[in-house]
Amino acid sequence: MLVRGVAFRLRGELPSEARFLLEDFRLAVNNAIRAGLQARVTSRNALSKLAYKDFRQAHPRMYSQHLVSAFEVAGSVLKNCRRRLRKSGAGRVPYVRRLMMKAGNQAYKLDRERGVVDLPIRAGCHVKLELRVSDYHRRYLDDPSLTLGSLTLLPDRVIVTFRKEAPRPYVPESALSLDTNERSLDGVFVKGYQARAVKAEFHDAATIQQRHHDRRKRLQRKKAHDRRTSRRLCRREGAREHHRIEYRLHQVANAVISFAEDQRSAIVLEELKGFKTRWNRELNRRLSLWPRRKLHQIIEYKAQWRGIPVVKVDPRYSSRTCPICGRIQDSRMGAEFVCECGWHLDRHINASLNLLQTAISKGMAGGLRFNPGAFQHDVMMILYDPVTGARSEPNGTSCISEAASEVTAR
Ligand SMILES: [Zn+2]
């Protein structure tokens with residue numbers, strides 16, 4: 001089962017009843033957390049046994065399904081706290097500050113046509129929350145294959161989860177093999193006997209990271225006398241950075257995904273493993289795997305949602321192997337991969353050829369065949385470019401058939 005959360009802004013203010021419910025919910029969660037810590041339990045049922053009665057007496061009219069889901073939230077907070085404790089040995093007593101509540105799919109109703117949530121507060125009292133619905137939201141609301149999951153209510157928005165059965169991946173007719181680098185995805189697109197270089201850039205992610213890093217450094221210097229303010233401002237910077245980068249990663253992933261879907265491609269990616277941390281902290285930060293790993297997660301998730309096959313390949317030696325003669329070079333070289341057999345190619349694209357060959361030789365990419373010799377050096381297809389924000393070629397087939405006819409004409 002695949003799950004996707006979709007956020008809706010509210011039309012108008014949150015009704016005051018709903019606001020009280022949020023406050024009661026937070027109270028219930030924090031009570032249950034305290035009870036759970038004392039009794040050293042984290043499961044929803046155990047928490048419910050412990051805390052239900054007391055809270056019920058104090059708040060006799062709260063809808064009981066909401067109460068149960070408060071125990072569930074408390075349980076997951078406790079589990080996270082326990083994990084942190086095990087990992088770092090330190091931890092404070094958890095306390096939920098943020099106003100939020102969660103309702104299971106039995107505990108609310110959503111009018112998918114009009115975009116109105118009916119949320120029970122207590123016996124005889126319901127609130128209606130009107131959602132702002134855009135085309136993006138319509139795609140989820142109008143799709144009858146999606147069922148409703150839980151709902152999360154926040155003071156200014158509502159997050160509805162939609163669920164669907166994972167579609168069976170199609171049998172690929174082509175392959176898109178991508179080598180993940182610090183600032184771009186570089187690779188090949190292979191269809192029939194033709195292969196072409198492709199590129200999707202996200203170099204601005206690194207620029208943004210650098211800029212926010214500098215800004216945080218400056219803030220820390222400026223607010224050195226006031227740690228509390230410094231921390232608060234740095235956290236805000238961090239959140240901004242996170243949003244900005246994630247937005248860009250989604251754009252890149254969308255470009256890759258829609259290209260692969262148009263071409264009925266399998267997507268071949270490398271398995272990103274942890275890398276050795278070095279003594280140089282600056283370098284560690286700069287090479288942080290986070291954006292790349294996140295990008296892979298987004299691509300994999302979106303592909304699963306749409307039934308696009310994704311193949312993960314062990315990248316060992318992929319940057320040092322010659323795809324023609326199979327020789328493994330001793331060390332990494334410059335921007336160009338050069339082999340004694342005469343083969344030479346851009347280092348990143350060469351790596352992606354090797355990834356693809358591994359996937360094919362292990363039978364992971366369906367019945368695709370591919371001969372690296374058919375690789376065409378001339379024109380690069382740009383899947384995504386942050387400057388134009390879109391693909392330069394809306395349809396890859398046209399350009400490939402053009403190239404093919406060019407070759408035969410010669
Ligand atoms: Zn060679």
Side-chain angles (χ1 to χ4, degrees), residues 172-201 203 256 259-260 263 265-276 287 289 292 296 299 309-383 396 399-410:
E173 293 163 14
S174 58
L176 184 62
S177 169
L178 297 168
D179 178 45
T180 314
N181 298 300
E182 209 186 329
R183 285 154 183 270
S184 57
L185 296 169
D186 306 84
V188 282
F189 169 64
V190 176
K191 188 165 196 170
Y193 289 99
Q194 300 292 332
R196 298 208 133 215
V198 296
K199 192 181 193 74
E201 282 202 69
H203 61 76
V256 168
F259 179 82
Q263 302 292 337
S265 281
I267 299 175
V268 181
L269 296 171
E270 75 207 272
E271 195 88 60
L272 285 175
K273 300 237 176 73
F275 77 121
K276 274 188 221 133
L287 292 178
L289 272 176
R292 283 170 279 169
H296 276 200
I299 290 178
V310 173
V311 181
K312 297 289 280 276
V313 172
D314 183 354
R316 218 177 322 163
Y317 303 128
S318 67
S319 55
R320 285 161 43 191
T321 308
C322 170
I324 300 291
C325 68
R327 213 174 271 146
I328 295 176
Q329 308 283 347
D330 292 336
S331 64
R332 235 180 234 238
M333 35 192 96
E336 175 117 310
F337 178 93
V338 184
C339 180
E340 289 156 46
C341 71
W343 174 259
H344 63 100
L345 187 61
D346 176 274
R347 176 161 62 93
H348 300 314
I349 295 170
N350 192 64
S352 76
L353 282 181
N354 285 317
L355 294 177
L356 179 61
Q357 277 201 319
T358 316
I360 288 177
S361 69
K362 293 198 170 153
M364 292 186 284
L368 285 177
R369 276 179 306 154
F370 162 62
N371 165 25
F375 182 78
Q376 291 186 325
H377 291 253
D378 36 9
V379 193
M380 164 109 52
M381 286 198 288
I382 305 294
L383 294 185
C399 94
I400 280 184
S401 52
E402 259 169 47
S405 59
E406 230 170 74
V407 170
T408 46
R410 261 183 235 150

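In listed order, ligands and their atoms are each counted from 1.
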Please check if the side chain of D346 supplies one atom and the backbone of H348 the other of a donor-acceptor pair under 3.5 Å. yes

Measure the spacing between NE2 of H344 and CD of E336 and express it to the nearest 0.5 Å. 6.0 Å

Checked the Zn ion (ligand 1): protein N, O or S atoms closer than 2.8 Å come out as C322 SG, C325 SG, C339 SG, C341 SG

When you check the side-chain N and O atoms of H203 and S184, is any donor under 3.5 Å from an acceptor? no

Can you see whether S318 engages E270 through a side-chain donor-acceptor pair at a distance of less than 3.5 angstrom? no

Basic-acidic side-chain contact under 4.0 Å: R327, E340: yes

Set of residues satisfying side-chain hydrogen bond (donor to acceptor under 3.5 Å, both in side chains) with respect to T321, sequence neighbours excluded: none

